[in-house]
Amino acid sequence: MTEPVVPSSRLPHGNSTTGSSDPVPVVNIANVLTVLRIALVPVFLVVLFADGGHDTTWRIGATVVFAAAAITDRIDGQLARKYGLVTDFGKMADPIADKALIGAALIGLSILGDLPWWVTVVIAVREVGITLVRFAVIRHGVIPAGRGGKVKTLVQSFAIGMYLAPLPDEVRFASVTLMGLAVFLTVYTGLDYVVQAVRLRRGVSSS
């Protein structure tokens, strides 16, 4: 699951598909989608808390907004890799956008009493902690989102989507099970990022 951490001085800035060394502009479709995901967070919160937060129509609307924002995560990553639009900004902004969306949804659900606060706290502490770790080692290199982190975000998104949707009580056990898996992956991948950060610092120190 652990992927090699590339020092920032060696990060590719050209088109990964063609092998061109031309610099990649920061303003590109992949990064625009990432910024759009961040912009959708307040929109999502407004819809989630509308009319007390438990109106069926508004909850469906909140689910749709959340799903639309979550889908941009997959699209921007595919575009960046396919068309060589990978930038340092994207590598940092993409996970931040994910954390903003996921964190807003978890806190909102806990405020509404739909999700236990301990779940939100565990995930929030991990996400904030890893973000701080990324910034702490950024002068040594950028730690990109690995496969494990992407799977974790995907599971979190599905679990949150099930909690947001006005589903019948008979299928709520599925939501709880999926959220339990999300918490496990959150902790497990968080430890993996810490290991990567430690290796990065040691590698730089010994070079």
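Values below: all heavy atoms of this structure, side chains included; hydrogens, waters and symmetry mates excluded.
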Side chains of [X] and [Y]: closer than 4.5 Å at any heavy-atom pair?
X	Y	answer
Phe66	Leu48	no
Arg59	Leu112	yes
Ile111	Trp117	yes
Arg37	Asp98	yes

Closest contact, heavy atoms only, [X] versus [Y]:
X	Y	result
Trp58	Ala50	CD2-CB, 3.4 Å
Pro166	Ile60	CG-CG1, 3.7 Å
Gly190	Ile130	O-CD1, 3.4 Å

Taking 4.0 angstrom as the limit, do Asp192 and Lys152 come out as a salt bridge?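 So Asp192 does not pair with Lys152 through a salt bridge.
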
Test: Asp94 and Lys99 ion pair at under 4.0 Å: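 Looking at Lys99 together with Asp94, the answer is no, because their closest N to O distance does not fall below 4.0 Å.
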
Distance in Å, [X] [atom1] paired with [Y] [atom2], rounded so as to fall on 0.5 Å steps:
X	Y	atom1	atom2	answer
Leu40	Leu45	CG	CG	11.0 Å
Thr120	Leu109	OG1	CG	7.5 Å
Leu178	Phe173	CG	CZ	11.5 Å
Arg74	Leu33	CZ	CG	14.0 Å
Leu101	Asp73	CG	CG	9.0 Å

Consider only side-chain heavy atoms of I, L, V, M, F, W and Y, link residues closer than 4.5 Å, and tell whether [X] and [Y] are in one cluster.
X	Y	answer
Leu36	Ile75	yes
Val122	Leu106	yes
Val187	Val176	yes

Could you walk me through whether Asp114 and Arg172 pass the salt bridge (charged side-chain N to carboxylate O under 4.0 Å, His left out) check? CA-CA 11 Å; Asp114 297 331; Arg172 280 299 173 189; over 6 Å; no

Show the atom names and distances, to 0.1 Å, of all donor-acceptor pairs under 3.5 Å that link a side chain in residues 156-165 to residues at least two apart or in another chain.
{"residue": "Gln156", "atom": "NE2", "partner": "Glu127", "partner atom": "OE2", "Å": "3.4"}
{"residue": "Gln156", "atom": "NE2", "partner": "Thr186", "partner atom": "OG1", "Å": "2.7"}
{"residue": "Ser157", "atom": "OG", "partner": "Thr153", "partner atom": "O", "Å": "2.8"}

Are the side chain of Thr72 and the backbone of Ala69 linked by a donor-acceptor contact shorter than 3.5 Å?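 Side chain of Thr72 to backbone of Ala69: a pair is present.
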
